[in-house]
Structures are given as C-alpha cells and as structure tokens.
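Following: one structure in structure tokens, then a few remarks.
All values below come from the heavy atoms of this structure, side chains included, with hydrogens, waters and symmetry mates left out.
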Amino acid sequence: MGNAAGIISMVPLVIMLAVMLISGLIGLIRGLKKTVFSLMVVGASIILSLILTLILCNPKGGALVNVLDKVTGPMFETMGLGALAEVEAFSTVSRYYVSMLAGPFVFMALFYVLRFIIGIVMKFFVKKIPIMNNIPKVAKKLGGLGAGMAMGFIVIMITMMPILGTLDVMNTAITEMSAAVSQDDAGTNDVTEVFDGMTNKGAGKTMRVLGGDLLYSATSNKKYEGQKVTLKTEISGMSHLLTSLTSLGGDFSNFEGEDNAFIKIADATEESPLISLLTAECISTAADKWRNGEEFMGVSSLGGDEPLIKPLMDAVLEVFAATEGEYLAEDLRSIGSAIGVLGKYGLLDESGDQEGLLKKLNNTPILSEMAAALHSNPRMSKVEQEVSSLGLRAFANVVGVPQEGDENYEEYKQMTKSIAESLNNSADMTKEEKRDMVKSELVNAAADYGTDLEGEVADQITDNFVEEFGDRDDVTDEEIEEFIEKYQNDVNA
C-alpha cells in the first residue's frame, strides 16, 4: 500500500498548487488593486465566519447544535452505543462533540457565503478609492500575481482545513482503537498510512502549519468547567474508555496486571473533564443496572458470578452507584488495585474451588495487600469490610453446615463448641489476649475437623468471631453455627 499511499498523499499538494496557480493568474489579470481588495474581503469573511461559528456551534445552546443534537441518539443506536443515551451526562457530552465536529465545516460554509455577500458590497467601493494609481503597470501585474497566489493559498487552506483536521482526528481514533483491542490489521494500517500521508506530510502539513491548525482549533476546541477540550483528546480518551468499559464484564482476567480494566478506565477519565463526567455517570448507571440484574452495554454483571467473590463485587457496585467525577479516578484505582491483588496471587482462578481458595489465602498475603490498597480511601470502607470477611466465607463453605446424622456432624459440633468456649473463657481478658486464645482454639478445632487455618486467614477469621460476639461469656455453639451458616449461605446465595 506504500506507493498508493504516497500517491494519495499528493492529492493536497496537487489541489493547493492548482488553486494557487489559477488564483495567481486571475490576480495577474485583475491587477494588484482589485486583488488586494479581494484579500480584504477574504479577511473580513474569516473574522465574521469565526464569530458566527462560535455563536451557532455553542455547545450550551447554539442553534445548529440544538438541531444536530437530535440526531445523535439514533446515530449512537446504529453504532451499538444506545445504552449511553440512558446516561444523563450523555446529552451534555454529545452536544460538545457535535459542536467540535461541526464547527470547522460550519466555518468553511459561512466563509464562502459571506465572501460572496461581502464581495458584492465591496465592489461598489473599490473604484471610488484612489489608491495604487501611481504604481507602474508591471508592478501592479506582478503584485496582483503574488497577492492572487496568497489569496489562493488562504482559500484552499480554509477549504481543506476541516477535511484535514477531521482526517487527523479519524487517524487518531483508528490508531487508538486498534491499539486498545491489540489489533494489527493490514487494512487498518493502510487507512492510517493514507490519512497520515495526507495530513502530516507535504502540502497537507504545510496548510496545517500555516494557519489550518490554528483555524481548526479556533472553530473546534471548547472549554468545559474552565478546562480546554479538544476533539483529538476526546476521541483518544473515548476510545480508551469504551474498550475499558466493555472489559468490565466476563471473567476476572480483565482485572489482572497491566490489563486491569479499572486502572485503564481511571487513566481515561483523567484525559478530559467531559470523559470524567460521562464515565462517572456511566459507571453509576451500570452499577445500578447490574445490582438490579439488568444489562448495560451488553454486560450483565461485574466480573461474572463467582460465588465467593460476588459479595465483594456487590460492595464495589454499591460504591460505584454513588460515585462522582471528583473522586472517580481515585476510587477506580483503589478498587482496581485491590482486585488486582486477587489476580496477582491467582486467587481468581480458585474462586470456584473453595478448598483451593482457602489454601491460597493461608499461604499468601492476599488479605493484607487488598486491605492496604483500600484503606487509604475512606469511600472504600464497605469494600474493605467485605474483604475482611473473605476468609470466613471460604472457611464457612469448606466446613459446610452438616446436619444431624451426617458423617462429620459430631466433629462439626465439637469444633463450634470449642470456639464458643474459647470466646466465653476469654471474656475478661484484654483484647489481645482474647484474640490469641480464640485463634489458638480456632486453629486447633478446625484442624481436628480436617480444615487447615494459618497465617492471615486465621487472624481474619479470629477477628470476625471476636467482633461478632464481643465480651460475652454466654456464647453458645448454636450461635457459632448460625454465624458460620450465615456466611456459607452468602456464598451459595
């Protein structure tokens, strides 16, 4: 495709030279005076077109934006992004995007209309102004040639400005989306090669450098909450956001290492205030829907329905349902880091195997690392609370709740009785002494039952029992059974 791309990239050069040559010849024929006045008409048209474009394409109420905004809903439905229309911030963001996309083209159209109108008006005054009458004829002709070529460049630059600017934005969008989905497609590469050749080389680059980019920025860039918003940044950030949002569903591999979906979304939100606004409301809307068993953008849950991890994910959804843009990136990174710990130690692979999960908790610092990732963020208290009961859930599901007559019923009763007695016998002890005694009895009783508890998970389950029953000295083994059964039911809910 290299040769073809090179030929296509010559198109702006051919067009520019042709227009400049024709305009120069017209200037040579008309002379310096008329051509300079034509330049003045062009200048006046640029100024008025810019003013009218800013009015018509104002994202907060411009007439043209109001009209175009009505077609964005169906357009996004066609693109498969109709769910975004349910998000309240979508209307605000779409108006800005419509404004930024349409602005350069509106400017170009207004320029031609105003140039025609102003040209007619100015024509009545040109002959009456006695200037340039004493300049030699040859100088007038050569001056007309130069002024004509300059005017030709300005006109073609204004004409090509929205096209080159939009191609540059499209090139960014295609490149970013391909990188986001790790796609290296020959067809995609050919397209980006052509776009790059037209916008960043030869005449295309010349027109952009000598005023095209300045005009494109003036007619396309906006401000939101005091921050500059550009179409290229928005397209880049939005491609990151959409690919990251869709990776929230499915299995937990999307939360591991560099592919951590939450971290990617946090990065995308910091690229633009509009993206931050939209992301916060997208996540809040998605969280509400997922909590109610509904889909959002084709995703029906956060991280699937693994039984041991689901209560933790439900707590995450509760946080996100109330999320705000101001704290969004921090919250995403806190949760992403915590869930990333699960992937780091392979716990996500064991989430369907209760004994394997408990063994993994016994032998790794998973619980403390997750708590550390969450503890510095006060809005993560609910999630941190769920992490603190993760070990107990795994333990509860491993030991089960044997019924009278089952093979291991007597051993289970002895274990719960031993735990109750340790709590009662330590009622008058200091908190530290109580923890040591309960932990020792818990580990021994669980071992007698055939379940190993050690390390952080033993500490965590001890804390669960101590916090639940406090300083009571009348705890019964039935209460211990009910407490364990509660968490076992959580797992099987």
For this session: Check side chain to side chain donor-acceptor pair (under 3.5 Å) between S276 and all other residues, then give those that pass, not counting sequence neighbours.
Result: none
Exercise. How far does CD1 of I118 sit from CZ of F111, to the nearest 0.5 angstrom?
Worked result: 9.5 Å
For this session: Grab the two heavy atoms, one from T230 and one from K228, that are nearest each other, plus how far apart they are.
Result: CG2-CE, 4.0 Å
Seminar exercise, completed: Between T53 and L110 the two heavy atoms that sit nearest each other are OG1-CD1, 3.5 Å
For this session: For the pair I283 and L332, evaluate side-chain contact (heavy atoms from CB on, under 4.5 Å) and give the outcome as yes or no after the intermediate values.
Result: CA-CA 10 Å; I283 289 180; L332 285 167; 3.8 Å; yes
Seminar exercise, completed: Rounded to the nearest 0.5 angstrom, the SG-CZ distance for C57 and R95 is 11.0 Å
Seminar exercise, completed: Looking only at heavy atoms, the pair that brings G152 and M20 closest together is C-CG, 4.2 Å
Exercise. Do V229 and M100 pass the side-chain contact (heavy atoms from CB on, under 4.5 Å) test, and can you show the C-alpha distance, the side-chain angles, and the key distance before you say yes or no?
Worked result: CA-CA 9 Å; V229 180; M100 289 189 287; 3.9 Å; yes
Exercise. How about F107 and L56: do any of their side-chain heavy atoms sit closer than 4.5 Å?
Worked result: no
Exercise. Taking side chain as C-beta onward, heavy atoms only, is I46 less than 4.5 Å from I154?
Worked result: yes
Problem set entry | Residue pair I158 / M108: nearest heavy atoms and the distance that separates them | O-CG, 3.9 Å
Exercise. Does D288 offer a backbone N or O that forms a donor-acceptor pair with the side chain of N292 under 3.5 Å?
Worked result: yes
Problem set entry | Side-chain touch V169/Y216, heavy atoms, less than 4.5 angstrom | yes
Exercise. Between Y327 and N377, is any pair of side-chain heavy atoms under 4.5 Å apart?
Worked result: no
Exercise. Is there a donor in the side chain of R379 and an acceptor in the side chain of S334, or the other way round, less than 3.5 Å apart?
Worked result: no
Exercise. Looking only at atom types and distance, does a side-chain atom of S220 sit under 3.5 Å from a main-chain N or O of S217, one as donor and one as acceptor?
Worked result: no
Exercise. Looking at side-chain heavy atoms only, is the closest gap between I265 and L328 below 4.5 Å?
Worked result: no
Exercise. Which side-chain hydrogen bond (donor to acceptor under 3.5 Å, both in side chains) pairs, counting each pair once, include a residue from residues 18-27, with sequence neighbours left out?
Worked result: none
For this session: Rounded to the nearest 0.5 Å, what's the gap from OG1 on T364 to CD on E369? Could you check?
Result: 8.0 Å
For this session: Please assess M207 against M161 for the test side-chain contact (heavy atoms from CB on, under 4.5 Å), listing each intermediate value before the final yes or no.
Result: CA-CA 8 Å; M207 284 187 276; M161 173 270 296; over 6 Å; no
Problem set entry | Euclidean distance, T279 OG1 relative to E270 CD, rounded to 0.5 Å | 11.0 Å
Exercise. Taking the side chain from Q460 and the backbone from V387, do they hold a donor-acceptor pair closer than 3.5 Å?
Worked result: yes
For this session: Kindly indicate, with the supporting measurements, whether the criterion side-chain contact (heavy atoms from CB on, under 4.5 Å) is fulfilled by V316 and M380.
Result: CA-CA 8 Å; V316 170; M380 295 296 114; over 6 Å; no
Exercise. Do S272 and Y224 meet the criterion of a side-chain donor-acceptor pair at a distance under 3.5 Å?
Worked result: no
Problem set entry | Inter-residue atom distance K60.NZ - T92.OG1, 0.5 Å rounding | 10.0 Å
For this session: Measure from the side-chain N and O atoms of T269 to the backbone N and O of A266, and report whether any donor-acceptor pair falls under 3.5 Å.
Result: yes
Exercise. Should T219 and V106 count as side-chain neighbours, where that means a heavy-atom distance under 4.5 Å?
Worked result: no
Exercise. Side chains of I26 and M151: closer than 4.5 Å at any heavy-atom pair?
Worked result: no
Problem set entry | Minimum-distance pair of heavy atoms, taken over all atoms of L215 and M157 | CD1-SD, 3.9 Å
Exercise. Does the pair K222/E234 count as a salt bridge with the N-to-O cut at 4.0 Å?
Worked result: no
Exercise. Hey, is CZ on F116 packed in by over 12 heavy atoms from elsewhere, all under 6.0 Å?
Worked result: no
Problem set entry | Minimum side-chain heavy-atom gap I335-F320 below 4.5 Å | yes
Problem set entry | Sidechain-backbone polar pair: S284 side chain, A322 backbone, donor-acceptor under 3.5 Å | no
For this session: Quick one: closest heavy-atom pair of R333 and D267, and the distance?
Result: NH2-OD1, 2.6 Å
Exercise. For I29, which residues count as a side-chain contact (heavy atoms from CB on, under 4.5 Å) partner, sequence neighbours excluded?
Worked result: none
Problem set entry | Nearest-0.5 Å distance, CG of residue L17 to CD1 of residue I22 | 11.0 Å
